[in-house]
Chemist: 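Sharing a structure with you now.
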Amino acid sequence: MRTDQPTFVAADELRVVNRQRMLYMGSGMWKEQQTFYLRNLKDFSRVSVTAPVVSYIRKNRGMLLDESDTRPILEQFNVRKLLFYDAENGEAGIEIADKINSKVKRHFYLHWDLRKNKITEVTLVVRSAPKISWATLWPIGYDPDSCTFYYLRDIEERGKDRQPHTVTIIAFTRGKAKVVSRFDATRSIFRRVYFDSKRLRAMPVEYGEKGTGTGSPNGFLVDLKTGKVKKFEVPFTTYGASFDPSGDRVFAYSSQLGKLWSIRLSDGAVLKRLSVGALGHALGRLNGKELVLIRNSGILRLKRTPLRKGRFTRMAKLYPGFSHVEGSLVLNDGRFLVKNGERLYLVKF
(Lines give C-alpha, C1' and ligand atoms only; values in the text may rest on other atoms or scores of the structure.)
Protein backbone atom coordinates (compact mmCIF):
# COMPACT_ATOMS: atom_id res chain seq x y z
CA MET A 1 0.00 0.00 0.00
CA ARG A 2 1.36 3.41 -0.97
CA THR A 3 1.38 6.36 1.41
CA ASP A 4 2.69 8.92 -1.07
CA GLN A 5 0.73 10.41 -3.99
CA PRO A 6 -1.43 8.90 -5.38
CA THR A 7 -2.77 6.85 -2.48
CA PHE A 8 -4.75 3.66 -2.98
CA VAL A 9 -6.78 1.22 -0.90
CA ALA A 10 -8.29 -1.84 -2.54
CA ALA A 11 -12.07 -2.27 -2.63
CA ASP A 12 -13.61 -4.88 -0.34
CA GLU A 13 -14.92 -6.65 -3.45
CA LEU A 14 -13.90 -6.37 -7.08
CA ARG A 15 -16.94 -5.30 -9.09
CA VAL A 16 -17.59 -4.90 -12.80
CA VAL A 17 -19.17 -1.58 -13.78
CA ASN A 18 -19.95 0.48 -16.89
CA ARG A 19 -21.84 -2.33 -18.67
CA GLN A 20 -19.18 -4.96 -18.04
CA ARG A 21 -16.47 -2.77 -19.57
CA MET A 22 -14.61 -1.67 -16.45
CA LEU A 23 -13.45 -3.13 -13.17
CA TYR A 24 -13.77 -1.13 -9.96
CA MET A 25 -10.50 -1.64 -8.06
CA GLY A 26 -10.58 0.76 -5.10
CA SER A 27 -10.16 4.36 -4.08
CA GLY A 28 -7.77 6.88 -2.65
CA MET A 29 -7.06 7.45 1.02
CA TRP A 30 -7.31 10.45 3.36
CA LYS A 31 -7.82 13.56 1.21
CA GLU A 32 -8.16 11.43 -1.92
CA GLN A 33 -11.09 9.27 -0.79
CA GLN A 34 -13.35 10.71 -3.48
CA THR A 35 -11.06 9.44 -6.26
CA PHE A 36 -11.94 5.98 -7.59
CA TYR A 37 -9.65 3.69 -9.57
CA LEU A 38 -10.85 1.41 -12.36
CA ARG A 39 -9.40 -0.82 -15.06
CA ASN A 40 -10.61 -0.95 -18.64
CA LEU A 41 -11.35 -4.63 -19.27
CA LYS A 42 -10.57 -4.30 -22.98
CA ASP A 43 -6.87 -3.50 -22.51
CA PHE A 44 -6.56 -3.42 -18.69
CA SER A 45 -5.50 0.24 -18.81
CA ARG A 46 -5.89 2.30 -15.64
CA VAL A 47 -8.66 4.88 -15.28
CA SER A 48 -9.42 7.24 -12.39
CA VAL A 49 -12.49 9.39 -11.72
CA THR A 50 -12.99 11.96 -8.98
CA ALA A 51 -16.41 12.73 -7.52
CA PRO A 52 -17.37 16.17 -6.14
CA VAL A 53 -18.26 14.82 -2.68
CA VAL A 54 -16.37 17.40 -0.61
CA SER A 55 -17.63 20.41 -2.57
CA TYR A 56 -21.22 19.19 -2.20
CA ILE A 57 -21.00 18.75 1.59
CA ARG A 58 -19.34 22.15 1.99
CA LYS A 59 -22.42 23.69 0.35
CA ASN A 60 -24.80 21.47 2.33
CA ARG A 61 -23.41 21.49 5.86
CA GLY A 62 -26.69 20.19 7.24
CA MET A 63 -25.35 16.73 6.40
CA LEU A 64 -22.76 17.06 9.17
CA LEU A 65 -23.45 15.63 12.62
CA ASP A 66 -22.19 18.92 14.03
CA GLU A 67 -22.36 21.93 11.72
CA SER A 68 -19.93 23.82 13.97
CA ASP A 69 -17.23 21.15 13.45
CA THR A 70 -14.34 22.84 11.61
CA ARG A 71 -12.42 19.69 10.74
CA PRO A 72 -11.95 18.87 7.03
CA ILE A 73 -14.95 17.11 5.48
CA LEU A 74 -13.05 13.86 4.91
CA GLU A 75 -12.15 13.70 8.59
CA GLN A 76 -15.86 13.64 9.40
CA PHE A 77 -17.00 11.30 6.61
CA ASN A 78 -15.64 8.16 4.98
CA VAL A 79 -16.22 7.80 1.24
CA ARG A 80 -16.82 4.07 1.41
CA LYS A 81 -17.25 2.87 -2.16
CA LEU A 82 -18.29 3.49 -5.73
CA LEU A 83 -21.56 1.56 -6.03
CA PHE A 84 -22.06 1.73 -9.79
CA TYR A 85 -20.79 3.70 -12.76
CA ASP A 86 -22.44 4.07 -16.17
CA ALA A 87 -20.87 6.46 -18.65
CA GLU A 88 -23.60 6.04 -21.31
CA ASN A 89 -26.39 7.04 -18.94
CA GLY A 90 -24.10 9.62 -17.36
CA GLU A 91 -24.62 8.58 -13.76
CA ALA A 92 -22.94 6.85 -10.83
CA GLY A 93 -23.68 6.06 -7.19
CA ILE A 94 -21.51 6.52 -4.11
CA GLU A 95 -21.80 5.39 -0.49
CA ILE A 96 -20.47 7.60 2.29
CA ALA A 97 -20.77 7.20 6.08
CA ASP A 98 -19.90 8.99 9.29
CA LYS A 99 -16.50 8.18 10.74
CA ILE A 100 -16.47 4.94 12.71
CA ASN A 101 -15.98 6.65 16.09
CA SER A 102 -19.25 8.57 15.78
CA LYS A 103 -21.92 7.80 18.39
CA VAL A 104 -24.45 7.58 15.57
CA LYS A 105 -23.47 5.96 12.28
CA ARG A 106 -25.26 7.25 9.18
CA HIS A 107 -24.87 5.85 5.68
CA PHE A 108 -25.79 8.02 2.69
CA TYR A 109 -26.41 7.22 -0.96
CA LEU A 110 -25.15 9.95 -3.31
CA HIS A 111 -26.30 10.17 -6.91
CA TRP A 112 -23.56 11.58 -9.14
CA ASP A 113 -24.50 13.20 -12.46
CA LEU A 114 -21.41 12.50 -14.56
CA ARG A 115 -22.27 14.94 -17.35
CA LYS A 116 -22.68 17.89 -15.01
CA ASN A 117 -20.16 16.50 -12.50
CA LYS A 118 -22.57 17.25 -9.68
CA ILE A 119 -24.07 15.36 -6.75
CA THR A 120 -27.79 15.71 -7.52
CA GLU A 121 -29.52 13.54 -4.89
CA VAL A 122 -28.54 12.48 -1.36
CA THR A 123 -30.49 9.84 0.58
CA LEU A 124 -29.97 8.82 4.20
CA VAL A 125 -30.17 5.04 3.79
CA VAL A 126 -29.72 4.01 7.42
CA ARG A 127 -28.94 5.43 10.84
CA SER A 128 -27.63 3.07 13.53
CA ALA A 129 -25.99 3.13 16.96
CA PRO A 130 -23.54 0.38 18.02
CA LYS A 131 -25.40 -0.64 21.20
CA ILE A 132 -28.86 -0.51 19.63
CA SER A 133 -28.57 -1.75 16.06
CA TRP A 134 -26.00 -2.68 13.45
CA ALA A 135 -26.45 -2.02 9.76
CA THR A 136 -24.66 -3.28 6.65
CA LEU A 137 -25.23 -2.25 3.03
CA TRP A 138 -24.43 -4.33 -0.03
CA PRO A 139 -24.70 -3.36 -3.72
CA ILE A 140 -26.84 -5.68 -5.85
CA GLY A 141 -26.51 -4.33 -9.37
CA TYR A 142 -27.44 -1.70 -11.93
CA ASP A 143 -30.02 -1.94 -14.71
CA PRO A 144 -29.04 0.49 -17.49
CA ASP A 145 -32.37 0.18 -19.32
CA SER A 146 -34.31 1.68 -16.41
CA CYS A 147 -31.39 3.71 -14.96
CA THR A 148 -31.95 1.89 -11.67
CA PHE A 149 -29.45 0.79 -9.04
CA TYR A 150 -30.46 -1.85 -6.49
CA TYR A 151 -29.14 -1.75 -2.95
CA LEU A 152 -29.57 -4.10 0.04
CA ARG A 153 -29.82 -2.92 3.65
CA ASP A 154 -29.44 -5.46 6.50
CA ILE A 155 -30.29 -4.26 10.02
CA GLU A 156 -29.68 -6.32 13.15
CA GLU A 157 -31.20 -5.12 16.41
CA ARG A 158 -28.77 -5.47 19.34
CA GLY A 159 -29.51 -6.61 22.89
CA LYS A 160 -32.08 -9.28 22.07
CA ASP A 161 -31.45 -13.00 21.59
CA ARG A 162 -32.05 -14.34 18.09
CA GLN A 163 -33.52 -11.08 16.89
CA PRO A 164 -34.26 -11.43 13.16
CA HIS A 165 -32.41 -9.31 10.67
CA THR A 166 -34.61 -6.90 8.74
CA VAL A 167 -33.56 -6.90 5.09
CA THR A 168 -34.70 -4.16 2.72
CA ILE A 169 -34.14 -3.92 -1.03
CA ILE A 170 -34.08 -0.32 -2.26
CA ALA A 171 -34.21 0.84 -5.89
CA PHE A 172 -32.62 4.16 -6.83
CA THR A 173 -33.83 5.44 -10.21
CA ARG A 174 -31.88 8.52 -11.23
CA GLY A 175 -31.22 8.97 -7.51
CA LYS A 176 -34.88 8.71 -6.40
CA ALA A 177 -35.38 5.98 -3.78
CA LYS A 178 -38.14 3.37 -3.65
CA VAL A 179 -38.45 0.34 -1.37
CA VAL A 180 -38.83 -2.80 -3.51
CA SER A 181 -39.07 -5.48 -0.84
CA ARG A 182 -38.63 -6.11 2.88
CA PHE A 183 -38.26 -9.45 4.68
CA ASP A 184 -36.72 -11.07 7.77
CA ALA A 185 -33.58 -13.22 7.87
CA THR A 186 -32.24 -15.27 10.78
CA ARG A 187 -28.58 -14.67 9.92
CA SER A 188 -26.61 -11.78 8.45
CA ILE A 189 -26.61 -11.43 4.67
CA PHE A 190 -23.38 -12.37 2.89
CA ARG A 191 -21.58 -9.45 1.24
CA ARG A 192 -22.00 -10.80 -2.30
CA VAL A 193 -25.59 -10.52 -3.53
CA TYR A 194 -26.13 -12.49 -6.75
CA PHE A 195 -27.81 -10.50 -9.53
CA ASP A 196 -29.77 -11.88 -12.49
CA SER A 197 -29.60 -8.80 -14.71
CA LYS A 198 -31.53 -10.46 -17.56
CA ARG A 199 -34.65 -11.16 -15.48
CA LEU A 200 -34.13 -8.47 -12.82
CA ARG A 201 -33.86 -10.84 -9.87
CA ALA A 202 -31.51 -10.88 -6.91
CA MET A 203 -30.45 -13.68 -4.58
CA PRO A 204 -29.15 -12.58 -1.19
CA VAL A 205 -27.92 -15.48 0.95
CA GLU A 206 -27.45 -15.79 4.69
CA TYR A 207 -23.92 -16.42 5.88
CA GLY A 208 -23.62 -19.57 7.98
CA GLU A 209 -20.86 -22.03 8.81
CA LYS A 210 -21.45 -25.68 9.65
CA GLY A 211 -21.28 -26.20 13.40
CA THR A 212 -22.50 -22.71 14.29
CA GLY A 213 -26.08 -21.63 14.86
CA THR A 214 -29.12 -23.79 14.31
CA GLY A 215 -30.38 -25.03 10.98
CA SER A 216 -29.12 -24.33 7.50
CA PRO A 217 -28.77 -20.85 5.98
CA ASN A 218 -31.37 -19.55 3.56
CA GLY A 219 -31.31 -17.92 0.19
CA PHE A 220 -33.95 -15.42 -0.93
CA LEU A 221 -35.00 -15.05 -4.55
CA VAL A 222 -36.26 -11.48 -4.91
CA ASP A 223 -38.17 -10.36 -7.99
CA LEU A 224 -36.97 -6.77 -8.32
CA LYS A 225 -39.98 -5.81 -10.47
CA THR A 226 -42.69 -7.04 -8.09
CA GLY A 227 -40.88 -7.33 -4.75
CA LYS A 228 -42.00 -10.95 -4.29
CA VAL A 229 -39.63 -13.14 -2.25
CA LYS A 230 -39.10 -16.92 -2.26
CA LYS A 231 -37.07 -18.47 0.56
CA PHE A 232 -35.15 -21.76 0.25
CA GLU A 233 -32.21 -23.59 1.76
CA VAL A 234 -28.67 -22.92 0.50
CA PRO A 235 -25.42 -24.63 1.49
CA PHE A 236 -23.19 -23.37 4.29
CA THR A 237 -20.68 -20.67 3.25
CA THR A 238 -22.16 -19.99 -0.17
CA TYR A 239 -19.16 -18.23 -1.71
CA GLY A 240 -20.42 -18.36 -5.28
CA ALA A 241 -23.68 -18.64 -7.17
CA SER A 242 -24.70 -18.51 -10.81
CA PHE A 243 -28.14 -18.34 -12.42
CA ASP A 244 -28.73 -20.82 -15.22
CA PRO A 245 -29.47 -19.12 -18.57
CA SER A 246 -32.84 -20.90 -18.62
CA GLY A 247 -33.84 -19.00 -15.48
CA ASP A 248 -35.15 -22.19 -13.86
CA ARG A 249 -32.16 -23.03 -11.67
CA VAL A 250 -29.38 -21.51 -9.67
CA PHE A 251 -26.05 -23.13 -8.84
CA ALA A 252 -24.75 -22.44 -5.32
CA TYR A 253 -21.26 -23.40 -4.11
CA SER A 254 -20.20 -24.15 -0.52
CA SER A 255 -16.55 -23.33 0.13
CA GLN A 256 -16.61 -25.10 3.50
CA LEU A 257 -18.24 -28.34 2.30
CA GLY A 258 -16.80 -28.39 -1.23
CA LYS A 259 -20.26 -29.04 -2.67
CA LEU A 260 -22.08 -27.51 -5.62
CA TRP A 261 -25.88 -27.52 -5.42
CA SER A 262 -28.25 -27.26 -8.34
CA ILE A 263 -31.43 -25.63 -6.96
CA ARG A 264 -34.77 -25.42 -8.75
CA LEU A 265 -36.06 -21.91 -8.22
CA SER A 266 -39.78 -22.65 -8.52
CA ASP A 267 -39.84 -24.59 -5.24
CA GLY A 268 -36.28 -24.53 -3.82
CA ALA A 269 -35.74 -28.25 -4.42
CA VAL A 270 -32.09 -29.37 -4.55
CA LEU A 271 -31.80 -31.29 -7.81
CA LYS A 272 -28.18 -32.37 -7.34
CA ARG A 273 -25.28 -32.09 -4.91
CA LEU A 274 -21.90 -32.50 -6.58
CA SER A 275 -18.53 -32.76 -4.78
CA VAL A 276 -16.21 -30.22 -6.41
CA GLY A 277 -13.59 -29.50 -3.71
CA ALA A 278 -13.40 -27.01 -0.86
CA LEU A 279 -11.76 -23.59 -0.42
CA GLY A 280 -13.19 -21.97 -3.51
CA HIS A 281 -14.12 -18.31 -3.74
CA ALA A 282 -15.91 -17.60 -7.03
CA LEU A 283 -18.37 -19.34 -9.32
CA GLY A 284 -19.81 -18.12 -12.60
CA ARG A 285 -20.80 -18.92 -16.14
CA LEU A 286 -17.87 -19.57 -18.46
CA ASN A 287 -19.88 -19.93 -21.67
CA GLY A 288 -23.24 -21.23 -22.86
CA LYS A 289 -22.68 -24.74 -21.52
CA GLU A 290 -20.08 -24.47 -18.75
CA LEU A 291 -19.48 -23.02 -15.31
CA VAL A 292 -16.11 -22.20 -13.80
CA LEU A 293 -15.15 -22.50 -10.13
CA ILE A 294 -12.06 -20.71 -8.84
CA ARG A 295 -10.47 -22.50 -5.88
CA ASN A 296 -7.23 -21.88 -4.00
CA SER A 297 -5.77 -25.01 -5.58
CA GLY A 298 -6.97 -24.46 -9.13
CA ILE A 299 -9.69 -23.75 -11.66
CA LEU A 300 -12.45 -26.27 -12.31
CA ARG A 301 -14.66 -26.28 -15.39
CA LEU A 302 -18.12 -27.82 -14.99
CA LYS A 303 -20.76 -28.96 -17.45
CA ARG A 304 -24.18 -27.58 -16.56
CA THR A 305 -26.49 -30.15 -18.18
CA PRO A 306 -26.21 -32.67 -16.70
CA LEU A 307 -24.14 -31.14 -13.90
CA ARG A 308 -20.73 -32.82 -13.84
CA LYS A 309 -17.05 -32.02 -13.38
CA GLY A 310 -14.83 -31.18 -16.30
CA ARG A 311 -11.19 -30.18 -16.68
CA PHE A 312 -9.21 -29.05 -13.62
CA THR A 313 -6.24 -26.69 -14.06
CA ARG A 314 -3.87 -26.33 -11.12
CA MET A 315 -3.11 -22.80 -9.98
CA ALA A 316 0.61 -23.55 -10.40
CA LYS A 317 -0.01 -23.07 -14.15
CA LEU A 318 -0.68 -19.39 -13.38
CA TYR A 319 1.78 -18.67 -10.58
CA PRO A 320 4.08 -20.54 -8.16
CA GLY A 321 3.80 -20.71 -4.39
CA PHE A 322 1.05 -19.74 -1.97
CA SER A 323 -2.48 -19.34 -3.34
CA HIS A 324 -5.49 -17.71 -1.69
CA VAL A 325 -8.01 -16.52 -4.27
CA GLU A 326 -10.55 -14.69 -2.11
CA GLY A 327 -11.88 -11.74 -4.08
CA SER A 328 -11.67 -13.47 -7.46
CA LEU A 329 -14.44 -12.84 -9.96
CA VAL A 330 -16.02 -14.56 -12.98
CA LEU A 331 -16.95 -12.05 -15.69
CA ASN A 332 -19.50 -14.28 -17.51
CA ASP A 333 -17.98 -13.46 -20.91
CA GLY A 334 -15.50 -16.33 -21.06
CA ARG A 335 -12.96 -14.53 -18.88
CA PHE A 336 -12.34 -14.45 -15.16
CA LEU A 337 -10.16 -12.65 -12.66
CA VAL A 338 -7.96 -14.60 -10.27
CA LYS A 339 -6.89 -12.52 -7.29
CA ASN A 340 -3.98 -13.89 -5.25
CA GLY A 341 -3.06 -11.42 -2.52
CA GLU A 342 -2.09 -8.16 -4.23
CA ARG A 343 -1.76 -9.71 -7.69
CA LEU A 344 -4.60 -9.90 -10.19
CA TYR A 345 -4.67 -12.17 -13.26
CA LEU A 346 -7.12 -11.77 -16.14
CA VAL A 347 -7.58 -15.27 -17.53
CA LYS A 348 -9.32 -16.87 -20.51
CA PHE A 349 -9.25 -20.52 -21.51
Chemist: If you count heavy atoms of other groups shown closer than 6.0 angstrom to CZ of Arg46, is the number above 12?
Modeler: no
Chemist: So for atom NZ, which belongs to Lys272, do other residues, nucleotides or ligands contribute more than 12 heavy atoms lying within a distance under 6.0 Å?
Modeler: yes
Chemist: Salt bridge check, Asp113 against Lys118: does any charged N sit closer than 4.0 Å to a carboxylate O?
Modeler: no
Chemist: Does a side-chain N-to-carboxylate-O contact under 4.0 Å join Glu67 and Arg61?
Modeler: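 No, Glu67 and Arg61 are not salt-bridged.
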Chemist: Counting only N and O atoms by type, is there a donor-acceptor contact under 3.5 Å from the side chain of Arg21 to the main-chain atoms of Lys42?
Modeler: no
Chemist: Do Glu95 and Arg153 meet the salt-bridge criterion of a basic N to acidic O distance under 4.0 Å?
Modeler: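 Here Arg153 does not pair with Glu95 in a salt bridge, since their nearest N and O are not under 4.0 Å apart.
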Chemist: Determine, step by step, whether Leu302 and Phe251 satisfy the side chain to side chain contact (heavy atoms under 4.5 Å, CB included) criterion, reporting the C-alpha distance in whole Å, the side-chain angles of both residues, the deciding distance to 0.1 Å, and the verdict.
Modeler: CA-CA 11 Å; Leu302 298 126; Phe251 301 97; over 6 Å; no
Chemist: Using 0.5 Å steps for rounding, measure from the NZ atom of Lys228 to the CZ atom of Arg201.
Modeler: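 Reported to 0.5 Å precision, the distance equals 13.5 Å.
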Chemist: Name the orientation class of the two ring planes belonging to His281 and His324 (parallel below 30°, tilted from 30 to 60°, perpendicular beyond 60°).
Modeler: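 Rings of His281 and His324: perpendicular, over 60°.
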Chemist: Any idea how Phe8 and Tyr37 line up, ring-wise: parallel (<30°), tilted (30 to 60°), or perpendicular (>60°)?
Modeler: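 The rings of Phe8 and Tyr37 stand perpendicular, inter-plane angle above 60°.
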Chemist: Once you round to the nearest 0.5 Å, how far does OG of Ser255 lie from CG of Asn296?
Modeler: 7.5 Å
Chemist: Out of curiosity, Asp12 CG to Lys81 NZ, how far, rounded to the nearest 0.5 Å?
Modeler: 5.5 Å
Chemist: What's the separation between atom CG in Leu200 and atom CG in Asp143, rounded to the nearest 0.5 Å?
Modeler: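 If I round to the nearest 0.5 Å, the distance is 4.5 Å.
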Chemist: What do the steps show when you test Tyr109 against Phe149 for side chain to side chain contact (heavy atoms under 4.5 Å, CB included), and what is the final call?
Modeler: CA-CA 11 Å; Tyr109 171 85; Phe149 168 72; 3.8 Å; yes
Chemist: Regarding Glu75 and Lys99, does a basic nitrogen lie under 4.0 Å from an acidic carboxylate oxygen?
Modeler: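 No, Glu75 and Lys99 are not salt-bridged.
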Chemist: Find out if a path of hydrophobic residues (ILVMFWY) with successive side-chain heavy-atom gaps under 4.5 Å connects Leu65 to Val125.
Modeler: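 Different clusters: Leu65 never reaches Val125 through Ile, Leu, Val, Met, Phe, Trp or Tyr contacts under 4.5 Å.
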Chemist: The test is ring pair (Phe, Tyr, Trp, His ring centres under 6.0 Å); show your working for Phe190 and Tyr239 and say whether it passes.
Modeler: CA-CA 9 Å; Phe190 184 56; Tyr239 279 7; 5.4 Å; yes
Chemist: Report the relative orientation of the aromatic rings in Phe77 and Phe108; use parallel for angles under 30°, tilted for 30 to 60°, perpendicular for over 60°.
Modeler: perpendicular
Chemist: Are Arg304 and Glu290 ion-paired here, with the side-chain N under 4.0 Å from a carboxylate O?
Modeler: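 No, no charged N to carboxylate O under 4.0 Å.
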Chemist: I'd like to know if the side chain of Glu156 pairs up with that of Ser188 as donor and acceptor (distance under 3.5 Å, no hydrogens or angles considered).
Modeler: no
Chemist: Got a donor-acceptor contact below 3.5 angstrom from the Arg191 side chain to the Glu13 backbone?
Modeler: no
Chemist: Kindly assign one of parallel, tilted or perpendicular to the pair Phe349 and Phe336, based on the angle between their ring planes and the thresholds 30° and 60°.
Modeler: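 Ring orientation, 0 to 90° scale: tilted.
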Chemist: Asp244 and salt bridge (charged side-chain N to carboxylate O under 4.0 Å, His left out): which single residue from Arg249, Arg285, Lys198 fits?
Modeler: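 So, applying the salt bridge (charged side-chain N to carboxylate O under 4.0 Å, His left out) to Asp244 and each of Arg249, Arg285, Lys198, only Arg249 qualifies.
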Chemist: Would you sort out whether Phe183 and Phe220 count as a ring pair (Phe, Tyr, Trp, His ring centres under 6.0 Å), showing the intermediate values?
Modeler: CA-CA 9 Å; Phe183 55 91; Phe220 304 88; 4.7 Å; yes
Chemist: Between Tyr56 and Val122, is the side chain to side chain contact (heavy atoms under 4.5 Å, CB included) condition met? List the steps.
Modeler: CA-CA 10 Å; Tyr56 179 86; Val122 174; 3.4 Å; yes
Chemist: Can you tell me how far apart CH2 (Trp138) and CD1 (Ile189) are? Round to the nearest 0.5 Å.
Modeler: 10.5 Å
Chemist: Hey, could you give me the NZ/CG distance between Lys231 and Leu221, rounded to the nearest 0.5 Å?
Modeler: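 Lys231 atom NZ to Leu221 atom CG measures 14.0 Å (nearest 0.5 Å).
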